[in-house]
Every structure is written in C-alpha cells, then in structure tokens.
Number of protein chains: 2
Amino acid sequence: MSRTGADLALLLLGGFRTLVDDAVDELARRGHHDVRPVHDFAMRAIAAGADNASALGRHLSVTKQSAAKTIGVLQERGYVAVEPDPGDARRKRLIVTELGFEVMRQGEAIFEELRAGWAARIGAEELATLERHLTTLVGARPIRFDTPGGVGRDLT
Amino acid sequence: MSRTGADLALLLLGGFRTLVDDAVDELARRGHHDVRPVHDFAMRAIAAGADNASALGRHLSVTKQSAAKTIGVLQERGYVAVEPDPGDARRKRLIVTELGFEVMRQGEAIFEELRAGWAARIGAEELATLERHLTTLVGARPIRFDTPGGVGRDLT
DNA sequence: CGTAAAAAGACAACCTGGCTGTCTTTTTAC
DNA sequence: GTAAAAAGACAGCCAGGTTGTCTTTTTACG
C-alpha cells in the first residue's frame with residue numbers, strides 16, 4: 001500500500017507517542033505521577049553535561065528561559081538541585097539528585113522493556129535497521145520538544 | 001552501536017520534526033506563513049469526514065474544546081468554513097474551503113518531496129519496510145498532537 | 001407524548017512549555 | 001578600565017491542551 005509523506009510523519013509521531021505514553025503510564029504505576037517526557041530528557045541532558053540553564057537550553061533546543069522553567073519544576077519536585085557555580089558567579093550549577101537518578105533509571109528500564117517489545121514484534125535485526133535508517137535521516141539535528149502543532153524558531 | 005529505548009523515542013521524534021519543520025518552512029516559502037502541522041492534520045481529518053468539532057476532537061484525540069479552538073483559527077484564516085448542520089441544530093458543520101484544499105495540496109506535495117528525499121537516501125524498499133514496521137508497531141492507535149513533554153489523558 | 005440522558009457547542013479559567021523583551025550582575029576580551 | 005558577551009531573573013505573551021459549567025437540541029424510553 002502506498003503511503004504519503006504526511007502519513008510517514010504521522011507514523012513517526014505515533015511511534016514516539018506510543019513509546020512515551022506507555023513509559024509515562026508505567027512510571028506513574030511505579031509511583032512517579034509527575035514525570036513527563038521533557039523532564040526525563042532534561043535530566044538526561046543534565047546528567048550528560050548540560051549543567052546550567054543556558055547549556056540545557058542549547059541541549060534541548062529551547063531558550064534558556066524555557067529551560068529555566070523546566071529546571072524550576074524539576075527542582076520543585078526534588079529531581080534536580082541548583083547550586084552556585086564556584087568558578088562563575090553568573091552560573092547556577094545543576095545537579096541531578098538521587099531521586100532524579102532513580103526516576104531516570106526506572107525510565108531507562110521502562111524504555112528498554114518497550115524497545116524489547118518492539119524487537120520481539122518486528123525482529124531485533126529489523127529494529128536495529130530501522131534505528132540506523134532514522135539515525136541516517138535525522139542525523140545530528142537537535143530535536144525540539146515543543147508542540148507538534150507549534151513551530152519553533154532558531155535560537156540564540 | 002547499541003541504542004537505548006529512550007534514544008529510539010528521540011529518533012522517532014527527530015524524524016517527525018525533521019519532516020514537519022521542513023514542510024512548514026517550505027509552505028512559508030510558498031506564501032503560507034501561518035500554517036502549522038496541527039492545522040494541516042486537522043484539515044486532513046475534516047476532509048476525511050470529521051465534519052464537526054466533537055468528531056474532529058475524537059479524530060485528533062483532543063477535547064472538543066481544543067478542536068474548537070483549532071477550528072476557530074482555521075476559520076479565521078479562511079481555510080475552513082463553519083455552517084449549521086441542516087439535520088441537527090446542535091451541530092456546526094465543518095467544510096474545508098478551496099484555500100484550505102490548496103494548502104493541503106501543497107502540504108501533500110511538500111511531504112511527498114520530503115519522503116522522496118528519504119527514499120533516495122536509504123532506498124525506496126528500505127523506506128517502505130520502515131513504514132510497514134511502524135504501521136505494525138503503532139497500529140491504529142490515535143495519535144495525539146500535544147506537547148511531547150505533555151501527558152494527555154483519556155477523553156470523553 | 002413527556003421526560004431523562006446524551007450530544008454538541010460555547011464560555012471561562014487553568015496548565016504546560018514554548019517564545020520575546022528587558023534588566024542586572026558577572027565574566028571575558030581588548 | 002571599559003565594552004561586549006554570558007548567565008540568569010522576571011514579566012508577559014502564545015499556542016494548544018485541559019477541566020468545569022452551562023444551554024440547547026436530539027435521542028431513547030416508558
């Protein structure tokens with residue numbers, strides 16, 4: 001059956017939503033009712049080295065103000081701590097807390113289970129091929145998390 | 001290289017954004033600066049039979065209030081017309097206008113070009129396989145368009 | 001035929017995650 | 001020493017979603 005380009009876009013979004021919705025549901029079942037995908041991705045970015053709001057914004061391809069909002073929520077919920085940067089008074093250093101790491105670990109485990117389910121359904125080789133193709137097509141482009149309906153713009 | 005489940009989710013989102021961002025940019029170049037993906041998908045759903053706000057909401061997996069907002073924007077911009085339903089006074093019938101169809105046609109063409117570019121890069125057979133796999137995995141699940149960071153809920 | 005339930009839509013307010021604009025403080029570069 | 005750049009704070013706005021409440025109309029049922 002022939003598909004249109006728009007259908008391809010919807011398939012990709014559908015795949016994303018399937019994984020993410022299932023992951024969020026499972027995290028909620030495990031007691032974390034207040035974690036959304038952007039939170040997990042933000043914590044991953046912080047743990048990977050984006051340790052201030054400006055850097056996190058760049059990592060997530062959002063403004064530092066938007067990143068700061070997300071940080072505020074993560075801080076409020078105890079997943080991230082903020083402290084002064086000893087080497088630069090302008091900066092606030094971000095630290096993923098133990099609770100934050102716990103949520104990230106559970107998130108990883110859940111995503112792995114979901115991915116394993118996908119591998120079981122279409123074949124591990126086929127899934128690896130699918131991932132390789134998407135890596136080729138998407139490349140290193142920064143991924144933005146705003147509303148699929150929304151249009152982001154280049155950031156400073 | 002081994003990938004995590006979260007990376008898979010990001011690859012899917014990245015693929016979606018790549019297509020959609022490029023499509024929106026190209027539509028803007030062709031004079032339609034005010035069309036966002038949710039508008040195109042809403043018009044597609046209306047043209048496919050979701051001809052009132054409640055039905056559109058179900059189609060898009062959002063509340064009828066949210067669908068009504070999108071309809072309001074599309075109406076304001078001349079892409080959709082709203083008229084009373086002769087058979088049911090409660091309902092407002094939605095009609096995609098000629099301008100709306102024009103935008104949809106251009107959107108289709110742009111998405112086809114983008115998809116063709118993908119086929120050129122990884123092979124038409126490989127792309128068809130990727131689509132078939134995603135169709136298997138995503139199935140008929142309704143796709144929601146809210147913020148990837150957001151968590152939608154079951155709707156009435 | 002009358003009434004309760006359901007459906008469609010309108011309206012208001014809220015939420016989330018993005019944006020722009022403005023400002024202050026601090027660091028860097030010259 | 002000063003200008004430019006960077007980091008962050010704050011306010012307000014935007015888009016697209018939600019919930020809650022309400023009215024009108026249709027449907028189902030006794």
Side-chain angles (χ1 to χ4, degrees), chain A residues 13 17 20-21 24 34-42 50-77 82-94 142-156, chain B residues 13 17 20-21 24 34-42 50-77 82-94 142-156:
Chain A
L13 181 64
R17 298 250 47 132
V20 152
D21 289 351
V24 166
D34 55 2
V35 177
R36 286 197 272 284
V38 70
H39 299 153
D40 184 72
F41 295 131
D51 67 347
N52 62 34
S54 298
L56 183 61
R58 287 192 291 276
H59 242 274
L60 301 181
S61 295
V62 299
T63 63
K64 57 189 179 181
Q65 287 72 39
S66 179
K69 275 189 175 179
T70 300
I71 291 163
V73 170
L74 291 173
Q75 189 179 7
E76 185 179 293
R77 295 174 186 178
V82 180
E83 65 184 31
D85 188 303
D88 194 322
R90 294 170 296 178
R91 293 181 172 208
K92 297 288 183 60
R93 182 172 285 176
L94 306 174
I143 299 168
R144 289 186 304 98
F145 292 85
D146 64 312
T147 310
V151 180
R153 298 182 192 124
D154 288 304
L155 307 171
T156 48
Chain B
L13 182 63
R17 297 245 51 127
V20 153
D21 288 350
V24 166
D34 54 2
V35 177
R36 288 196 273 283
V38 70
H39 300 153
D40 184 73
F41 295 130
D51 66 347
N52 64 34
S54 298
L56 183 61
R58 287 192 292 274
H59 242 276
L60 300 180
S61 296
V62 299
T63 62
K64 58 190 176 182
Q65 287 73 38
S66 177
K69 274 187 175 182
T70 300
I71 291 163
V73 170
L74 290 174
Q75 187 179 11
E76 185 180 293
R77 296 176 184 175
V82 179
E83 65 182 31
D85 189 303
D88 192 322
R90 293 171 298 178
R91 296 181 170 208
K92 297 289 183 57
R93 181 173 285 177
L94 307 175
I143 298 169
R144 291 186 301 100
F145 292 87
D146 65 313
T147 309
V151 179
R153 301 188 190 121
D154 288 302
L155 307 173
T156 48

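Lettering follows sequence order; numbering is per chain, from 1.
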*Asks:* Taking side chain as C-beta onward, heavy atoms only, is A/Asp85 less than 4.5 Å from A/Asn52?
*Replies:*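 When only atoms from C-beta onward are counted, A/Asn52 and A/Asp85 do not touch, as no gap falls below 4.5 Å.
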
*Asks:* Would a distance-only check, ignoring hydrogens and angles, find a side-chain to backbone donor-acceptor pair under 3.5 Å from B/Arg77 to B/Asp34?
*Replies:*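 Judged by distance alone, yes, a pair lies under 3.5 Å.
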
*Asks:* Does the protein touch nucleotides 2-12 of chain D at the base, only the backbone, or not at all? Give it as B, S and - per nucleotide, heavy atoms under 4.0 Å.
*Replies:* ---BBBBBB--

*Asks:* Rounded to the nearest angstrom, tell me the gap between atom CZ in A/Arg36 and atom P in D/dT18.
*Replies:*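 After rounding, the reported distance stands at 13 Å.
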
*Asks:* Rounded to the nearest Å, what distance is computed from the CG atom of residue A/Leu60 to the P atom of nucleotide C/dT16?
*Replies:*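 Going from A/Leu60 (CG) to C/dT16 (P), I get 18 Å.
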
*Asks:* Atom CD in B/Gln65, atom OG1 in B/Thr70: separation rounded to 0.5 Å?
*Replies:*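 These two atoms lie 11.5 Å from each other.
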
*Asks:* In whole angstrom, what separates B/Leu94's CG from C/dA10's P?
*Replies:*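 Interatomic distance, CG of B/Leu94 to P of C/dA10: 10 Å.
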
*Asks:* Sort out the partner of C/dC19 for me: Watson-Crick or G-U wobble, both distances under 3.5 Å, none otherwise.
*Replies:*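 Partner of C/dC19: D/dG12.
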
*Asks:* Out of curiosity, A/Ile71 CD1 to A/Leu94 CG, how far, rounded to the nearest 0.5 Å?
*Replies:*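 If we round to the nearest 0.5 Å, A/Ile71:CD1 and A/Leu94:CG are 4.5 Å apart.
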
*Asks:* What is the separation between atom CG on A/Asp40 and atom P on C/dT16, rounded to the nearest whole Å?
*Replies:*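 Whole-Å distance recorded here is 18 Å.
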
*Asks:* Check the distance between D/dG17's C1' and A/Leu13's CG and give it to me in whole angstrom.
*Replies:*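 One finds 15 Å between C1' of D/dG17 and CG of A/Leu13, rounded.
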
*Asks:* Whom does C/dA4 pair with, Watson-Crick or G-U wobble, provided both distances fall under 3.5 Å?
*Replies:*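 The base-pairing partner of C/dA4, which may sit in any strand shown, is D/dT27.
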
*Asks:* Within the structure provided, determine whether B/Arg93 and B/Pro86 are in side-chain contact (heavy-atom separation under 4.5 Å).
*Replies:*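 Yes. Closest side-chain heavy atoms under 4.5 Å.
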
*Asks:* Kindly write out the residues that satisfy side chain to side chain contact (heavy atoms under 4.5 Å, CB included) with A/Arg90, not counting sequence neighbours, or none if the list is empty.
*Replies:*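 Residues passing side chain to side chain contact (heavy atoms under 4.5 Å, CB included) with A/Arg90: A/Asp88.
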
*Asks:* Can you find a side chain N or O atom of B/Thr63 that sits less than 4.0 Å from OP1 or OP2 on D/dT18?
*Replies:*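 Yes, such a contact exists.
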
